[in-house]
Peer 1: 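Would you mind keeping the following structure in view while I ask a few things?
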Amino acid sequence: MLKGKLKLPLPVPDKARRAFPDRLGSLVAGFDFKEEDYGGGSDLVVFEPGEELETFQPNGFVSDKDQSAGVANFVEESDIKVRPRPEKDGAGPVSTVQVIAVDEKRSDLEFELSRPEINLEKLQRIASAGLPDGGGLRATAWKLLLGYLPPSRDQWEKELTENRQKYAKLKEELLLSPLPWTNGNLESRQSELTRRKDEAFSYKEQHVDVDVDGPLRRHEISQEDHPLSLGKASAWHQYFQYTEMVEQIDRDLQRTHPDKKFFSGETSFSRKNRQAMKNILLLFAKLNPAIRYVQGMNEVLAPIYYVFSTDTDEKNAANAEADSFSCFVRLLSDSVDHFCQQLDNSSVGILSTLTRLSDLLKANDEELWRHLEFTSKVRPQFYAFRWITLLLTQEFDFQPILRIWDCLLGNSFGVQDMLLRVCCAMLLCVKSRLLSGDFVANLKLLQHYPDINIEHLLRVAQDLSPDTSSYRLSP
């Protein structure tokens with residue numbers, strides 16, 4: 001279906017190719033791509049290898065009855081729920097050691113990004129350790145790590161200009177034209193309107209001499225023009241599908257990070273941001289009819305659009321919508337099969353990925369694996385479906401998400417490799433609570449993951465045994 005069709009038309013640097021394989025082309029038909037909060041450095045607390053981190057009891061658990069009832073439906077894309085994020089107090093005091101570490105990291109990153117030819121391998125190492133906030137550094141680094149910007153600085157302006165112009169053209173043709181629910185370019189749509197007008201005029205001419213006193217003749221409506229037609233070629237069917245999708249996207253965007261004024265509220269600022277994200281999601285859906293929009297894609301888009309919109313470079317911030325679209329597509333190219341229901345049971349579908357997570361846990365902690373699989377019977381489908389498809393955006397607050405994504409994008413073997421490691425580490429970091437819990441308690445814990453030291457979590461993830469590396473991309 002989608003396999004074998006995705007390809008990049010231009011050569012990509014080896015490191016970028018490792019992280020984002022040649023599986024992109026058909027995601028955006030006609031769009032020719034070329035090829036955080038840093039938590040303040042390492043904590044002063046030293047953790048021994050294998051030490052379990054103490055976690056905090058999460059708030060807002062739902063009842064046992066509600067949890068049990070929701071298990072069967074949780075693995076459906078359409079049932080992805082938005083996890084409410086409570087307001088957090090201001091960050092605690094920052095030590096001198098942390099300030100120095102952040103300054104050193106910022107200097108290293110600024111130096112690397114100022115070089116005529118970016119060393120992607122070094123940039124990946126810097127990103128894995130956490131990118132600093134401010135100055136547009138994270139935005140530039142993410143664009144490089146996703147392959148949107150080429151390593152050569154002298155090509156940046158040309159690439160950005162071309163891709164932004166292509167996005168503007170696609171947006172005009174597919175979102176701003178008179179018939180937004182149909183596909184094809186503007187000329188073909190106008191031709192369709194002209195054809196229907198000509199047919200109506202021809203019918204009038206043929207029946208102008210009909211006796212007015214005779215029986216009335218009913219104008220025959222073709223199957224594809226009937227409002228109740230369920231045929232996929234029906235313009236009305238496409239219209240209703242489009243309208244339903246728009247309404248779903250609007251509802252999801254209203255629930256995107258409700259604690260952040262950037263996304264939430266009725267200010268002109270937040271409405272502008274939601275409209276830009278809506279454009280991106282609609283355009284992606286139109287260009288990918290086999291996938292369309294899947295509930296939760298708004299959560300994957302949010303970190304990208306936020307980081308690009310808050311770039312201190314005014315020109316880059318003004319073009320955040322176009323840049324976010326391109327990088328959103330590139331990011332999904334590494335996990336697009338997870339959003340295609342027809343591939344769920346295939347070797348590249350979400351169920352296969354969940355099995356790989358289970359295998360990774362077994363290789364690193366067979367005791368915990370056995371307890372989850374056979375004792376409490378909490379299978380990955382009940383909790384990790386959301387973790388993987390939404391790239392952990394529903395499990396942590398917004399700033400830790402950015403830090404985790406630095407690590408995901410900085411992994412030389414690809415986002416999915418590091419994502420499964422982080423998911424496995426999330427299980428190991430609450431091992432004692434899982435071993436002492438039954439089905440209901442463990443399901444609550446994993447569906448409402450507790451607050452945790454993100455740096456420790458990522459260190460555990462990076463130290464995992466690679467014994468079950470069948471899911472890893474070849475170097």
Side-chain angles (χ1 to χ4, degrees), residues 27-28 30-31 33 36 82 85 136 138-143 146 148-149 159-177 180-181 242-288 291-333 339 390-391 393-394 398-399 401-402 405 409:
L27 278 178
V28 184
F31 201 92
F33 288 105
E36 73 200 354
V82 176
R85 300 180 180 84
R138 177 175 274 119
T140 303
W142 280 15
K143 290 173 184 176
L146 284 163
Y148 180 55
L149 285 179
E159 291 291 322
L160 289 173
T161 299
E162 288 181 357
N163 281 315
R164 289 165 180 174
Q165 288 175 348
K166 290 173 183 176
Y167 176 78
K169 183 178 180 181
L170 281 172
K171 183 178 175 181
E172 180 180 3
E173 291 183 351
L174 297 178
L175 298 185
L176 305 180
S177 56
W181 60 87
Y242 178 83
T243 302
E244 183 180 354
M245 182 174 63
V246 170
E247 292 174 352
Q248 182 65 60
I249 291 175
D250 283 334
R251 287 193 298 270
D252 290 347
L253 289 176
Q254 288 287 347
R255 298 193 293 254
T256 303
H257 297 285
D259 57 313
K260 292 192 70 68
K261 294 180 180 179
F262 182 90
F263 302 102
S264 180
E266 292 305 321
T267 64
S268 58
F269 176 66
S270 61
R271 285 198 299 267
K272 176 184 74 70
N273 292 331
R274 289 198 300 271
Q275 182 60 52
M277 293 174 65
K278 178 179 178 179
N279 292 339
I280 293 170
L281 295 171
L282 283 175
L283 189 54
F284 177 87
K286 280 181 164 293
L287 291 168
N288 299 277
I291 306 171
R292 295 173 59 81
Y293 170 75
V294 177
Q295 193 175 4
M297 284 184 176
N298 57 303
E299 298 289 345
V300 178
L301 172 61
I304 299 175
Y305 182 72
Y306 174 84
V307 168
F308 292 176
S309 294
T310 55
D311 194 331
T312 53
D313 184 294
E314 293 183 1
K315 185 176 180 181
N316 287 336
N319 287 280
E321 181 180 329
D323 295 346
S324 296
F325 171 77
S326 299
C327 289
F328 176 69
V329 170
R330 289 173 178 271
L331 181 61
L332 284 192
S333 72
F339 290 97
L390 303 189
L391 302 182
T393 55
Q394 286 290 284
F398 194 72
Q399 291 302 108
I401 290 171
L402 302 184
W405 277 34
L409 297 177

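Model, not experiment: these values are computed from the prediction.
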Peer 1: Please indicate whether Glu314 has more than 12 foreign heavy atoms, meaning atoms of other residues, nucleotides or ligands, lying under 6.0 Å from its CD.
Peer 2: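 Counting other residues, nucleotides and ligands, CD of Glu314 stays at 12 neighbours or fewer.
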
Peer 1: Would a 4.5 Å heavy-atom cut-off, applied to side chains only, mark Arg164 and Lys315 as touching?
Peer 2: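 Heavy-atom side-chain distance check passes, below 4.5 Å.
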
Peer 1: Show the nearest heavy-atom pair for residues Gly136 and Thr312, with the distance to one decimal.
Peer 2: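 Smallest heavy-atom distance, with atoms named: N-OG1, 3.6 Å.
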
Peer 1: Quick one: closest heavy-atom pair of Ile249 and Lys278, and the distance?
Peer 2: CG2-CG, 4.1 Å

Peer 1: For a 4.5 angstrom cut-off between non-hydrogen side-chain atoms, does Lys261 reach Thr267?
Peer 2: no

Peer 1: Does the side chain of Phe328 reach to within under 4.5 Å of the side chain of Leu283, using non-hydrogen atoms?
Peer 2: no

Peer 1: Angle class for the Phe263/Tyr306 ring planes (parallel below 30°, perpendicular above 60°, tilted otherwise)?
Peer 2: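 Judged by the thresholds at 30° and 60°, the geometry between Phe263 and Tyr306 is tilted.
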
Peer 1: For a 4.5 angstrom cut-off between non-hydrogen side-chain atoms, does Val329 reach Asn288?
Peer 2: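 Not in contact.
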
Peer 1: What are the two closest non-hydrogen atoms of Met297 and Phe284, and how far apart are they?
Peer 2: CE-CE2, 3.8 Å

Peer 1: If you compare all heavy atoms of His257 against all heavy atoms of Ala302, which two are closest, and at what distance to 0.1 Å?
Peer 2: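 For His257 versus Ala302, the nearest heavy atoms are CD2-CB, 3.9 Å.
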
Peer 1: Could you check whether the rings of Tyr305 and Phe262 sit parallel, tilted or perpendicular, using 30° and 60° as the cut-offs?
Peer 2: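 Tyr305 vs Phe262 ring planes: tilted.
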
Peer 1: How close do Asp252 and Asn298 get, counting heavy atoms only, and between which atoms?
Peer 2: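 Closest approach of Asp252 to Asn298, heavy atoms only: O-ND2, 3.2 Å.
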
Peer 1: Please determine whether a side-chain nitrogen of the Lys or Arg among Glu299 and Arg255 lies less than 4.0 Å from a carboxylate oxygen of the Asp or Glu.
Peer 2: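 Looking at Glu299 and Arg255, the cut-off is not met.
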
Peer 1: Does Gln275 CD have over 12 foreign heavy atoms under 6.0 Å away?
Peer 2: yes

Peer 1: Apply side-chain hydrogen bond (donor to acceptor under 3.5 Å, both in side chains) to the pair Arg251 and Gln248, showing each step before the final yes or no.
Peer 2: CA-CA 5 Å; Arg251 287 193 298 270; Gln248 182 65 60; 2.9 Å; yes

Peer 1: Return the CG to OG distance between Asn319 and Ser326, rounded to the nearest 0.5 Å.
Peer 2: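 It comes to 10.5 Å.
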
Peer 1: Grab the two heavy atoms, one from Pro303 and one from Leu402, that are nearest each other, plus how far apart they are.
Peer 2: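 It is CB-CD2, 3.9 Å.
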
Peer 1: Report yes if the side chains of Leu175 and Lys286 come closer than 4.5 Å at any heavy-atom pair, otherwise no.
Peer 2: yes

Peer 1: What distance do Asn316 atom CG and Ser309 atom OG have between them, rounded to the nearest 0.5 Å?
Peer 2: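 So the gap between those two atoms works out to 11.0 Å.
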
Peer 1: Hey, can you tell me if Trp142 and Trp405 have their rings parallel, tilted or perpendicular (30° and 60° cut-offs)?
Peer 2: tilted

